[in-house]
Structure formats: C-alpha cells, structure tokens
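What you see is a predicted model; the values in this text were computed from it and never measured. By convention in this document, chain letters (A, B, ...) are assigned in the order of the sequence lines, proteins followed by strands, and residues within each chain are numbered from 1. Side chains are part of it too, since the values below use all heavy atoms of this structure and drop only hydrogens, waters and symmetry mates.
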Number of protein chains: 2
Amino acid sequence: MPRWNTDTRPRLVQAAVDLFTAQGYEATSVTEIAEAAGLTKPTFFRHFRDKREVLFAGQEQHAQIIADTVADAGADTTVLEAAACAVQTLAERFTEDRRDFNVRLAQVVAEAPDLQERAIYKRAALADALRDALAARGFGPARAGIAADLSIRAFYEAYSDWLTSTGEASMGELVTRNLTAARTGLNDLA
Amino acid sequence: MPRWNTDTRPRLVQAAVDLFTAQGYEATSVTEIAEAAGLTKPTFFRHFRDKREVLFAGQEQHAQIIADTVADAGADTTVLEAAACAVQTLAERFTEDRRDFNVRLAQVVAEAPDLQERAIYKRAALADALRDALAARGFGPARAGIAADLSIRAFYEAYSDWLTSTGEASMGELVTRNLTAARTGLNDLA
DNA sequence: GTCTATACAATGATAGAC
DNA sequence: GTCTATCATTGTATAGAC
C-alpha cells in the first residue's frame with residue numbers, strides 16, 4: 001500500500017454514500033461520484049470492481065477475521081462455540097461510532113435490488129468462510145454447514161437489531177442474544 | 001398469456017445456453033442471443049430483466065412450490081418435516097430428462113462471477129420463502145430460520161450430487177440422503 | 001505505482017410505429 | 001407483443017503524465 005493518496009478510497013466511499021443518500025443509487029452515476037471526490041471515472045473502477053462494490057468497502061477483511069478466529073479457538077471448543085466465537089469477534093468491528101454510517105448504508109441498499117443482491121452475496125461469502133474454517137478444524141461437513149448457517153443468521157439478525165435499536169445495546173450484546181435464541185430454537189427443533 | 005409466440009421465451013433460453021456453451025457467457029452479447037432466436041435485443045429485455053436472468057428461467061415457480069407445500073402439510077408435522085416435505089416436492093421437478101440441461105447450465109454459471117451471484121440470490125430467495133412459510137404456520141422465527149437453512153442446504157448439496165453423479169440416483173433420493181445426513185449432523189451438534 | 005484522457009463495446013431503458 | 005431507433009450509463013482498454 002502506498003503512503004500517498006491513501007485516502008482516495010475513503011473519499012470515493014464518502015462521496016458515493018453522500019450522493020446515493022441525496023439523490024438515490026440509480027440516479028447517481030459513477031462519473032458523478034468520481035468528480036465529487038475530485039477524481040475521474042477510470043480511477044473509480046481501479047479501486048472498485050463495479051458501482052455496487054463501493055458500498056461494501058471495509059468488509060474485505062470480514063471473511064479473514066472469521067477464518068482466523070476459528071483457527072485460533074481453543075482445542076476443546078465445540079462446533080457451535082467456535083462458530084459463535086467467530087461472529088462475536090466480527091461484532092467487535094461494529095462500534096457505536098459506525099452505527100450512523102451503517103444505518104445510511106442500509107437505507108441505500110434497501111432501495112436498490114442490485115445492492116441487495118450484492119449484500120446477499122457478501123453474506124453467503126461469510127457463511128462459506130465460516131463453514132470452511134470449521135471444516136478445516138475437523139468438524140464434519142454437515143455439522144460445519146449447519147453451525148455456519150445458524151451463526152451467520154444470528155449475526156445478521158443482530159445487525160438488523162443494531163441498526164433499528166437506539167443504541168442501548170452494543171453489537172456484541174445483540175449477537176449474544178441472537179445466538180442464545182438460535183440455540184433455544186435448535187433445542188426445540190427435535 | 002397469449003397462445004401465439006408462446007415459445008418465444010424457450011427459444012431465447014435455448015439460444016442463450018447454446019451460445020454461452022459455445023463461446024462463453026461474457027463473449028456473448030444479448031444482441032447475438034436475440035438474433036439467434038430470430039428476435040431483437042429489446043424483445044429479449046421484455047422477457048428477461050437482464051442478461052443473467054435468462055439462465056434461471058423455469059425457476060420462477062420454485063418459491064411458490066415451497067410455500068404451497070408447507071401450507072398444505074398435515075397439521076401435526078414438525079418444522080423439520082414440513083421443511084423436508086417442501087424440498088422433496090421441489091425435487092420432483094428435477095427429472096432425469098432435465099439433467100443434461102442442468103449440467104450445461106452449471107458449467108456456464110461456473111465460469112461467470114455475475115451468474116454465481118445471481119445463483120446465490122436465487123438460493124437465498126428460496127430459503128426466505130421456506131422460512132416465511134414455516135413462520136406462517138406458527139413455528140417461531142428461530143426454528144423456522146434454522147430449519148429453512150438446513151433444508152435448503154441439503155437441497156443444494158443434493159443438486160450438486162445430482163449433477164456430478166451419472167444418473168444412478170434420482171434427485172428425490174439424493175435430497176432424502178442429504179436431509180438424513182443433515183439430521184445426523186444436527187444431533188451431533190449438541 | 002497512481003491518476004488522467006480518450007475511445008469503445010455492451011447493458012438496459014425509453015418512445016413510438018406496426 | 002414485437003420492431004426500429006435512440007440514448008445514458010456501465011465497465012474496459014490504451015495511451016501517457018506525474
């Protein structure tokens with residue numbers, strides 16, 4: 001990573017979110033975003049694969065965080081414990097000062113089907129990363145898949161709660177609550 | 001639906017899959033597809049929202065099949081039974097004569113990230129439909145979500161098996177096997 | 001190695017005629 | 001319901017400047 005111009009990406013992200021919020025996602029062109037950041041269209045596409053990707057900047061490391069956490073978990077942890085640990089660690093990145101930004105982001109995503117599709121893809125990528133990490137620890141594919149789905153689901157429900165709540169609970173607490181609810185549902189299953 | 005030109009969509013689908021298989025997805029333009037079917041580009045877009053959607057024609061009713069099956073299940077069925085019933089009913093649409101087409105389709109999807117994203121979106125839509133249908137029957141949200149994820153996962157693993165196997169097992173049988181494996185994994189979870 | 005300038009193919013939308 | 005026609009935008013490629 002070069003030291004100069006290291007704020008190019010954040011500037012593009014900020015310009016994009018501002019414009020999307022003000023005029024809507026589809027009504028905003030990539031050229032507009034680039035010029036609002038004092039750059040040009042080709043530069044935008046050098047930093048982001050496509051127009052959608054700019055709204056998911058900062059999530060690049062999420063899969064790695066999950067993989068690392070599972071790999072570093074104690075030797076005697078169960079599948080569910082390892083999976084829970086992974087999403088708990090991920091939750092730490094969702095600090096209170098990032099809540100407003102995430103709320104605005106969710107509002108933009110809600111209005112554009114293209115963005116919802118990308119968001120679902122990101123969720124699936126996280127579930128895959130978690131499942132693979134669990135499988136790499138020796139848990140069977142069926143168990144790994146189920147534990148991954150269950151934990152990622154709890155995480156996203158917590159994320160939704162976090163966005164709609166008024167800040168009385170941290171993301172970590174909400175993840176814990178939703179994981180508990182999931183385990184209860186699991187027991188009621190059979 | 002008009003009686004004339006009722007084969008327009010199938011013709012477009014066939015032309016698309018043929019061209020994608022021959023030259024690749026990205027190397028084939030919508031104009032090419034339309035002209036190969038004796039039509040024009042705007043006509044293509046009247047039938048399919050975008051270039052990707054043409055490869056998922058025929059899946060429009062899948063969500064409805066799942067919803068209907070769950071709604072029609074016996075009053076004393078458990079969550080897992082209702083969910084299993086739904087994917088089993090869906091499996092009936094994957095008859096042996098459609099296997100070759102699905103194999104070609106999977107090959108095209110495998111080469112284009114855009115298509116994989118759309119495929120994942122379709123899977124998520126099925127999981128949502130199943131979860132909603134289960135919730136509508138009074139099963140709690142946690143149980144409904146887990147049962148939906150688990151059953152859809154088993155379905156897709158069965159689909160993958162169905163494509164790679166050489167026809168000795170039907171899609172229904174493969175779904176049954178994967179559902180059984182999932183239930184075993186579920187018991188090993190706690 | 002990062003950005004600009006320019007040109008380009010293709011997607012996807014739109015308006016109007018048959 | 002399809003066609004012609006036109007259009008803005010996405011996303012890529014090539015050149016070169018700093």
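Screening F101(B), W162(B), Y156(B) against F94(B) for a ring pair (Phe, Tyr, Trp, His ring centres under 6.0 Å) leaves a single residue, W162(B).
Between F20(A) atom CZ and dT9(D) atom P there is a gap of 13 Å when expressed in whole angstrom units. One atom, CZ of R49(B), and another, P of dG12(C), lie 12 Å apart when rounded to the nearest Å. Atom C1' of nucleotide dT9(D) and atom CZ of F45(A) are separated by 9 Å, given to the nearest angstrom. For the pair K41(B) NZ and dT6(D) P, the interatomic distance rounds to 13 Å; values are reported in whole Å. Atom C1' of nucleotide dC3(C) and atom CG of D7(A) are separated by 14 Å, given to the nearest angstrom. Remark: C1' of dA5(C) and CZ of F44(A) are 19 Å apart, rounded to the nearest angstrom. The CG-P distance, from D50(A) to dA10(C), rounds to 19 Å in whole Å. The CZ atom of R46(A) sits 14 Å away from the C1' atom of dA17(D) (whole-angstrom rounding).
Comparing dT4(C), dT10(D), dT4(D) against the side chain of S29(A) picks out dT10(D) as the nearest.
An OP1 or OP2 oxygen of dG11(D) is reached within less than 4.0 angstrom by a side-chain nitrogen or oxygen of R52(A). Under 4.0 angstrom from either OP1 or OP2 of dT2(C) there lies no side-chain N or O belonging to T8(A). In this structure, T43(B) reaches the dC3(D) phosphate: one of its side-chain N or O atoms is under 4.0 Å from OP1 or OP2. Contact between the side-chain N/O atoms of H47(A) and the OP1/OP2 oxygens of dT2(C) is not found at any separation under 4.0 Å.
Put simply, the side chain of K51(B) and the base of dG12(C) share no donor and acceptor less than 3.5 Å apart.
Salt-bridge formation is not detected for the pair E26(B)/R52(B): no Lys NZ or Arg NE/NH1/NH2 atom is positioned less than 4.0 Å from an Asp or Glu carboxylate oxygen.
One hydrophobic cluster holds both L189(A) and F155(B) under the rule that ILVMFWY side chains link at heavy-atom gaps under 4.5 Å. There is no path of hydrophobic side-chain contacts, each under 4.5 Å, that joins F56(A) to I120(A).
Relative to the six-membered ring of Y25(B), K51(B) meets both conditions, a distance below 6.0 Å and an angle of at most 45° to the axis.
Comparing T28(A) and P42(A) along DNA chain D, the residue whose closest nucleotide (by nearest heavy atom) sits nearer the 5' end is T28(A).
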